[in-house]
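Chain letters run A, B, ... following the sequence lines, proteins first and then strands; every chain starts at 1. Keep in mind the model is a prediction, meaning the values are calculated, not measured.
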Amino acid sequence: MNIKQWLADTLKTSISELYSNNEPLTLSIQETNKEFEGDFTLVCFPLTKLSRKKPFETAQEIGEFIKQKESNIENFNVVNGFLNISLTFEFWVNYFLTFTPNVTNTDNSKIHVMVEYSSPNTNKPLHLGHIRNNLLGASVAKVMSAAGYHVTKVNLVNDRGIHICKSMLAWQKAGKNETPASTGIKGDHLVGNYYVAFDKLLKAEANPLIEAALVKDYSKFNAEAVLKISAIVDRIELAKDDEKKEAALGELKMLINNQTPIMNEAQEMLRKWENGDTEVVNLWKTMNGWVYAGFEETYKKMGVTFDRFYYESNTYVLGKNIVEEGLNKGVLFKKDDNSVWIDLTADGLDQKLLLRGDGTSVYMTQDIGTAVLRNEELHCSKYVYVVGNEQDYHFKVLSLILQKLGYDWAKGIYHLSYGMVDLPTGKMKSREGTVVDADDLMELVVEEAKKKSEELGKNEDFTEAEKAVLYEQVGMAALKYFILKVDPKKRMIFNPSESIDINGNTGPFIQYAHTRIKSLIKKADGKVPQTFESSTLPNETTHRSLVRLLSQNQDIIEEAAKEYSPALVANHTYELAKSFNQFYHDFPILQEEDKNLAAFRLQLIEKIGATLRYNMDLLGIELPERM
RNA sequence: GGUCUCGUAGCUCAGUUGGAUAGAGCAACAGCCUUCUAAGCUGUGGGUCUUUGGUUCGAAUCCAAACGGGAUCACCA
């Protein structure tokens with residue numbers, strides 16, 4: 001039962017009766033602020049039009065009317081135009097007896113939702129940004145399942161493209177047949193090293209060319225390139241401000257990079273790969289295999305899983321075919337160099353490339369193919385893509401293109417656009433070596449948990465294996481909670497050197513509250529009395545507010561599903577743990593002499609414990625029995 | 001430059017279908033372990049909710065403008 005909804009319905013009926021109103025009413029009902037007495041507050045200012053009285057008098061009048069009419073309403077008080085309503089303690093206790101943390105009565109069960117997250121490139125290891133992506137995606141999927149949706153978790157592996165060829169080429173050139181086994185390096189890191197190595201090789205070739213171009217020595221370039229390059233160099237000279245200069249310089253670098261022999265080799269490799277060249281495909285399979293093994297380890301440590309994997313190497317051909325169809329339908333057009341485009345200028349966007357002049361596909365081509373394939377296989381009514389907000393434009397375009405190609409279901413595409421994770425020094429940049437590696441970070445937080453735990457020395461009787469599990473649980477809880485408590489849409493700042501707090505609004509704080517509950521229940525020999533006499537219980541605000549917090553839990557989960565925001569669950573769970581800790585401090589539970597009251601308290605903390613556990617599971621956080 | 005997005009305490013964040021005196025945690029300071037786990041609890045200080053204007057009985061929340069961050073406008077993914 002949803003208490004707020006029940007109260008709203010009751011109030012609507014009563015107010016309509018009181019004022020002989022036949023119009024539909026929307027009431028503003030909120031939880032009563034702490035400094036006032038009451039459970040819920042009806043804001044009466046908007047109702048003065050109905051009552052034709054002053055706010056205070058209106059509230060007073062409504063209060064008297066409903067108190068008389070509804071036996072579950074114990075009392076009311078009026079402050080200005082605010083009507084504070086208290087429900088009877090008996091009502092709360094009866095509610096409490098039926099309480100469960102999980103969402104009941106859902107009508108979402110027939111709605112099939114896909115949640116795509118992680119979606120790594122197979123040319124380098126995962127970093128801090130991916131951690132937010134993975135934790136967010138995994139949690140959103142859980143929250144939506146909890147809210148009753150039928151959820152399919154999908155990982156779209158970005159296993160093809162020029163970036164993969166770069167790692168492969170560098171390995172061929174400088175790899176000396178190194179393998180994860182021969183070096184002891186985790187596969188994704190090894191391949192990542194070669195991606196960096198490619199960049200070095202590229203710079204070695206490109207830098208002299210760039211320097212030459214800047215002093216207008218064009219002898220190394222062909223006639224076509226000279227035209228373009230000289231035009232840019234002129235722009236650099238004429239640039240009025242640093243920003244424009246910088247932009248033009250970037251353009252020059254890109255252009256010259258593409259002129260280098262090694263870049264041509266990479267492009268040639270991509271063409272060979274798309275043509276199914278055995279040698280290239282085999283190398284690709286081998287190196288991807290290393291990366292997958294590495295990712296699997298990282299996923300396991302993060303605790304994220306998938307129902308289904310899609311590989312862009314399997315979908316780009318479909319994407320190309322769809323582009324061909326679009327060309328025939330006249331939705332797309334071809335330029336002189338044979339490249340294929342869509343014109344979205346009428347929709348306020350730009351022209352977008354869908355196929356290169358040499359026939360190879362780009363990011364958008366693959367995404368079109370993937371989207372269509374998934375719709376054929378999954379038939380979801382909603383497709384949630386968990387992807388960073390730097391790709392807002394891409395997804396706007398993707399959805400629009402699909403709709404223009406005649407796919408109506410593309411309206412169900414939702415880009416869950418999350419903010420970037422920044423370091424205190426600013427953005428992570430691979431060029432400056434400030435990228436925080438996912439594996440390193442997880443190791444760091446677990447190490448930090450170990451340090452703290454050893455300082456406290458509460459777990460010296462644990463076996464080494466038990467200790468390892470505990471440190472892992474606490475460290476990962478700190479990391480996961482830290483990331484998930486922040487509104488996904490907002491960019492956030494993460495400081496790895498300060499590591500992660502374990503006091504206050506943190507994962508370990510909630511874990512700790514839970515272990516206290518576990519400990520009490522254990523001390524009661526696991527026996528939680530199932531009944532108590534509710535009429536003799538004292539009406540006390542701490543108990544009451546705990547039951548109120550519990551009563552909000554289902555609503556919070558549904559809201560979190562609707563908003564795609566695990567942060568709502570995280571923050572509510574913290575509120576609950578905090579209130580429990582106060583309660584624990586102020587009231588005896590096992591020590592309580594009134595056995596009836598003790599029974600109620602024990603049952604109360606058991607339900608709080610179950611709720612903490614349920615909610616933390618939605619965040620992918622494990623709770624230790626002891627810590 | 002166009003488009004999008006964000007701006008709340010020293011720091012990290014809540015709070016936004018418009019409601020009461022804007023909340024937490026961290027950091028600082030002061031207390032609380034002979035009693036169910038002190039990874040806890042209590043208290044103190046800390047705010048022009050970037051600014052200005054508008055709408056309203058009422059604005060951190062809605063609208064407009066300005067200022068300041070960020071993203072994007074790639075034949076990278």
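Out of B:C36, B:A20, B:G15, the shortest distance to the side chain of A:Leu568 is found at B:G15. Each of B:C75, B:C41, B:C76 was ranked by its minimum atom distance to the side chain of A:Ile162; first place goes to B:C76. Here B:G19 is the nucleotide among B:C75, B:G19, B:G40 with the atom lying nearest to any side-chain atom of A:Pro46. Candidate nucleotides B:C36, B:A74, B:C4 were compared by shortest atom distance to the side chain of A:Asp392, and B:C4 ranks first.
The residues A:Arg548 and A:Asp39 are annotated as salt-bridged, a charged nitrogen and a carboxylate oxygen being separated by less than 4.0 angstrom. Salt bridge annotation for A:Glu57-A:Lys54: absent, with no cationic side-chain nitrogen under 4.0 angstrom from a carboxylate oxygen. Using a 4.0 Å cut-off between charged side-chain N and carboxylate O, A:Asp358 and A:Arg271 make a salt bridge. The pair A:Asp392-A:Lys396 does not count as a salt bridge, with every side-chain nitrogen at least 4.0 angstrom from each carboxylate oxygen. The pair A:Glu625-A:Lys522 does not count as a salt bridge, with every side-chain nitrogen at least 4.0 angstrom from each carboxylate oxygen. Classification of A:Glu274 and A:Arg160 as a salt-bridged pair holds, one side-chain N sitting under 4.0 Å from a carboxylate O.
A:Lys352 has its NZ atom 14 Å from the C1' atom of B:U3, to the nearest Å. For A:Asn80 and B:G19, the CG to P distance is 16 Å, given to the nearest whole Å. Atoms CG (A:Leu27) and C1' (B:G19) sit 14 Å apart, rounded to a whole Å. Distance, A:Lys427 NZ to B:G69 P: 16 Å, rounded to whole Å. When rounded to the nearest whole Å, the span between NE2 of A:His585 and C1' of B:C32 equals 6 Å. When rounded to the nearest whole Å, the span between CG of A:Asp350 and P of B:G1 equals 18 Å. What separates NZ of A:Lys334 from C1' of B:C75 is a distance of 15 Å, to the nearest Å. B:G40 atom C1' lies 17 Å from atom NE2 of A:His514, rounded to whole Å.
A:Lys490 has a side-chain polar atom (N or O) that falls below the 4.0 Å cut-off from OP1 or OP2 of B:G7. Note on A:Arg516: a side-chain N or O is less than 4.0 Å away from OP1 or OP2 of B:A38. A sub-4.0 Å separation between OP1 or OP2 of B:C76 and a side-chain N or O of A:Arg356 is present. Taking side-chain N and O atoms only, A:Asn503 has no distance below 4.0 Å to OP1 or OP2 of B:C26.
As judged by a 4.0 angstrom heavy-atom cut-off over every strand, A:Val43 is placed among the base-contacting residues. Contact annotation for A:Pro120: no contact, since no heavy-atom pair falls under 4.0 Å across all strands. A:Ser453 comes within contact range of at least one nucleobase, with a heavy-atom separation under 4.0 Å. At the heavy-atom level, A:Ile493 lies under 4.0 Å from the strands shown only through sugar-phosphate atoms. Within 4.0 Å (heavy atoms only), A:Met254 reaches at least one base atom of the nucleic acid. When heavy atoms are screened at a 4.0 angstrom cut-off, A:Leu520 is found touching base atoms of the nucleic acid. Heavy atoms of A:Gln391 sit under 4.0 angstrom from at least one base atom. Across all strands shown, A:Phe82 has heavy atoms under 4.0 Å from base atoms, whether or not it also approaches the sugar-phosphate. Backbone-only contact: A:Asp487 has heavy atoms under 4.0 Å from sugar-phosphate atoms and none from a base. Using a 4.0 Å heavy-atom criterion, one finds that A:Tyr481 contacts no nucleic acid atom at all. In this structure, A:Asn84 reaches the bases: a heavy-atom distance under 4.0 Å links it to at least one base atom across the strands shown. Counting any heavy atom pair closer than 4.0 Å across all strands shown, A:Gln30 reaches a base atom. Within 4.0 Å (heavy atoms only), A:Thr506 reaches no atom of the nucleic acid at all. Among the protein residues, A:Lys578 comes within range of the sugar-phosphate backbone only, with heavy atoms under 4.0 Å from sugar or phosphate atoms but none that close to a base.
Pairing for B:U34 is absent, judged as Watson-Crick or G-U wobble with the two contacts each under 3.5 Å. In this structure B:A27 sits in no base pair that meets the Watson-Crick or G-U test at under 3.5 Å. Across all strands shown, B:U3 forms a Watson-Crick or G-U wobble pair, both distances under 3.5 Å, with B:A71. If you check B:G19 for Watson-Crick or wobble pairing at under 3.5 angstrom, you find it paired to B:C57.
Judged by centroid separation below 5.5 Å and plane tilt below 30°, A:Phe45 stacks onto the base of B:G19. The aromatic ring of A:Tyr574 does not sit over the base of B:A24, since the test of centres under 5.5 Å and planes under 30° is not met. By the stacking rule of 5.5 Å between ring centres and under 30° between planes, A:Tyr584 does not stack on the base of B:G40.
One N or O on the side chain of A:Thr573 and one on the backbone of A:Val569 form a donor-acceptor pair closer than 3.5 Å.
The gap from the P atom of B:G54 to that of B:U44 amounts to 38 Å, rounded to the nearest Å. Across the C1' atoms, B:A14 and B:U61 are found 14 Å apart, a figure rounded to whole Å. For the C1' atom pair drawn from B:A24 and B:A66, the interatomic distance equals 32 Å after rounding to whole Å. On the C1' atoms, B:A30 is 38 Å away from B:G69, given to the nearest whole Å. Rounded to whole Å, the separation between the P atoms of B:G19 and B:C62 comes to 10 Å. When the C1' atom is compared between B:A60 and B:A22, the two are found 7 Å apart, to the nearest whole Å. When the C1' atom is compared between B:A64 and B:A27, the two are found 39 Å apart, to the nearest whole Å. B:A38 sits 46 Å from B:G70 when the P atoms are compared, rounded to a whole Å.
By the rule that a glycosidic angle within 90° of 0 means syn, B:C73 does not qualify and counts as anti.
Comparing A:Met627 and A:Met364 against RNA chain B, the residue whose closest nucleotide sits nearer the 5' end is A:Met627. Nearest-nucleotide positions on RNA chain B for A:Val474 and A:Asp337 put A:Val474 closer to the 5' end.
Between the side chains of A:Ser167 and A:Asn123, no donor-acceptor pair is found at a separation under 3.5 Å.
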Checking side-chain hydrogen bond (donor to acceptor under 3.5 Å, both in side chains) for the pair A:Asn505/A:Tyr481: CA distance, chi angles, key distance, verdict? CA-CA 9 Å; A:Asn505 189 357; A:Tyr481 186 87; 2.6 Å; yes

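A ring-ring contact (aromatic ring centres under 6.0 Å, His included) with A:Tyr316 is found for one member of A:Tyr363, A:Tyr310, A:Trp273 and no other, namely A:Trp273.
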